[in-house]
Amino acid sequence: MTAIAEILKPGLMTTIQDLGRPGLRHQGVPLSGAADPVSFALANAAIGNKATAAGLECTLKGPSLRFKASGSFALGGADMKAHLNGNALQLYTPYDAQADDELVLGAAQTGARGYIVFQGGLQGDDFLGSASTYLPAKLGGINGRMLAAGDTLISAGMRPAARRDIPTTLCPVIAHDFFLRALPGLESAQLGATELARFFSCGWTAGRRADRMGLQLEGA
């Protein structure tokens, strides 16, 4: 086992994630995995990892960590104003770190979830072929929990391919406002025509009731 880094400050909610456990909902097992799989996969591609390599998902405020050995990493998703030894970093760009280097992420400027991926991937508790952390059932990751100060990140030892340049045209645009696609569901018959038209045309705001499974929208 090769130790990559030690967590100095865990951030608000930092977990180990990969692309999850697809095809098991009929057995009561949710997908889990990266909430933003596109950003996650692009960050992995930047350092030559497979899209399935496990990394860190950071929510709203990222962690601080100290590298225990030399290695490469990349960032994706929400811009958390990351710095390596005080030097500002860009998203979807590979960086090389040395032992004792410190990586610090701040609060998300836009969006909610950012990603840190390491060349070779991260090791986590395997459950049904995935290391993704599922907090309600305490599965995957490190004992199925959020990362804590003092935790050590261990390399999965996956052999990387060549690094890739990620065109800016492929990078997701993360903003404060979105247009959401919606379709009438079974309950739409309970709304009159006026209310249904209002539902599809009014603005909605993400409320406080939100987690990795979904969020409640508040509106008129």
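From a predicted model like this one, the values you see are computed outputs, not experimental measurements. Numbers for residues simply follow the sequence, beginning at 1.
- Sorted by first and then second residue, the ring pair (Phe, Tyr, Trp, His ring centres under 6.0 Å) pairs with a member in residues 118-148 form an empty list; sequence neighbours excluded.
- With hydrogens and angles ignored, the 3.5 Å screen pairs no side-chain donor or acceptor of T14 with any backbone N or O of C58.
- Follow the hydrophobic side-chain contacts under 4.5 Å out from M13 and you never reach I142; the two are in separate clusters.
- Listed here is the closest heavy atom pair of G77 and L91: O-CD1, 3.3 Å.
- Atoms CD1 and CG, on I16 and L147 in that order, are 5.5 Å from each other to the nearest 0.5 Å.
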Next on the checklist: Run V117 and L56 through side-chain contact (heavy atoms from CB on, under 4.5 Å) and show every step you take.
Outcome noted: CA-CA 6 Å; V117 297; L56 297 183; over 6 Å; no
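- Alongside I174, the hydrophobic cluster contains no other residue (criterion: ILVMFWY side chains under 4.5 Å).
- Residue pairs satisfying the side-chain hydrogen bond (donor to acceptor under 3.5 Å, both in side chains) criterion with at least one member in residues 171-194, sequence neighbours excluded, are absent.
- Residues meeting the side chain to side chain donor-acceptor pair (under 3.5 Å) test with T15, sequence neighbours left out: Q17.
- Applying the side chain to side chain donor-acceptor pair (under 3.5 Å) rule to N85 yields the partners D101; only residues at least two apart in sequence or on another chain are considered.
- Considering only residues two or more places apart in sequence or on other chains, D151 meets the salt bridge (charged side-chain N to carboxylate O under 4.0 Å, His left out) condition with R145.
- With side-chain heavy atoms closer than 4.5 Å counting as contact, directly or through intermediates, V104 stands alone and belongs to no larger hydrophobic cluster.
- Scanning all heavy atoms of the two residues, the minimum distance from S70 to Q98 falls at CB-OE1, 3.6 Å.
- Annotation for S32 and S132: closest pair CB-CB, 4.0 Å, computed over non-hydrogen atoms.
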For a quick test of your reading: what N or O donor-acceptor pairs under 3.5 Å do the side chains of residues 152-166 make, sequence neighbours left out?
residue, atom, partner, partner atom, Å
S155, OG, G157, N, 3.0
R163, NH2, S72, OG, 2.8
R163, NH2, D96, OD1, 2.5

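- For F200, the ring pair (Phe, Tyr, Trp, His ring centres under 6.0 Å) criterion is met by no residue, not counting sequence neighbours.
- You'll find the side chain of D125 stays beyond 4.5 Å of the side chain of L139, heavy atoms only.
- When atom types are taken as modelled, the side chain of Q109 and the backbone of A107 share a donor-acceptor pair closer than 3.5 angstrom.
- Listed by chain and residue number, R66 satisfy the side chain to side chain donor-acceptor pair (under 3.5 Å) test with E102 (two or more places apart in sequence, or in another chain).
- For residues 60-93, the pairs satisfying ring pair (Phe, Tyr, Trp, His ring centres under 6.0 Å) are F67-F73, F73-Y95, with sequence neighbours left out.
- For T133 (side chain) and L135 (main-chain N/O), no donor-acceptor pair under 3.5 Å exists by modelled atom type.
- For the pair M146 and L12, the minimum side-chain heavy-atom distance is 4.5 Å or more.
- Sorted by first and then second residue, the side-chain hydrogen bond (donor to acceptor under 3.5 Å, both in side chains) pairs with a member in residues 47-59 read N44-N49, E57-Y115, E57-R212; sequence neighbours excluded.
- Here the straight-line distance linking atom CD1 of I7 with atom CG of L65 works out to 5.0 Å at 0.5 Å rounding.
- For F178 and W204, the ring centers are positioned 6.0 Å apart or more.
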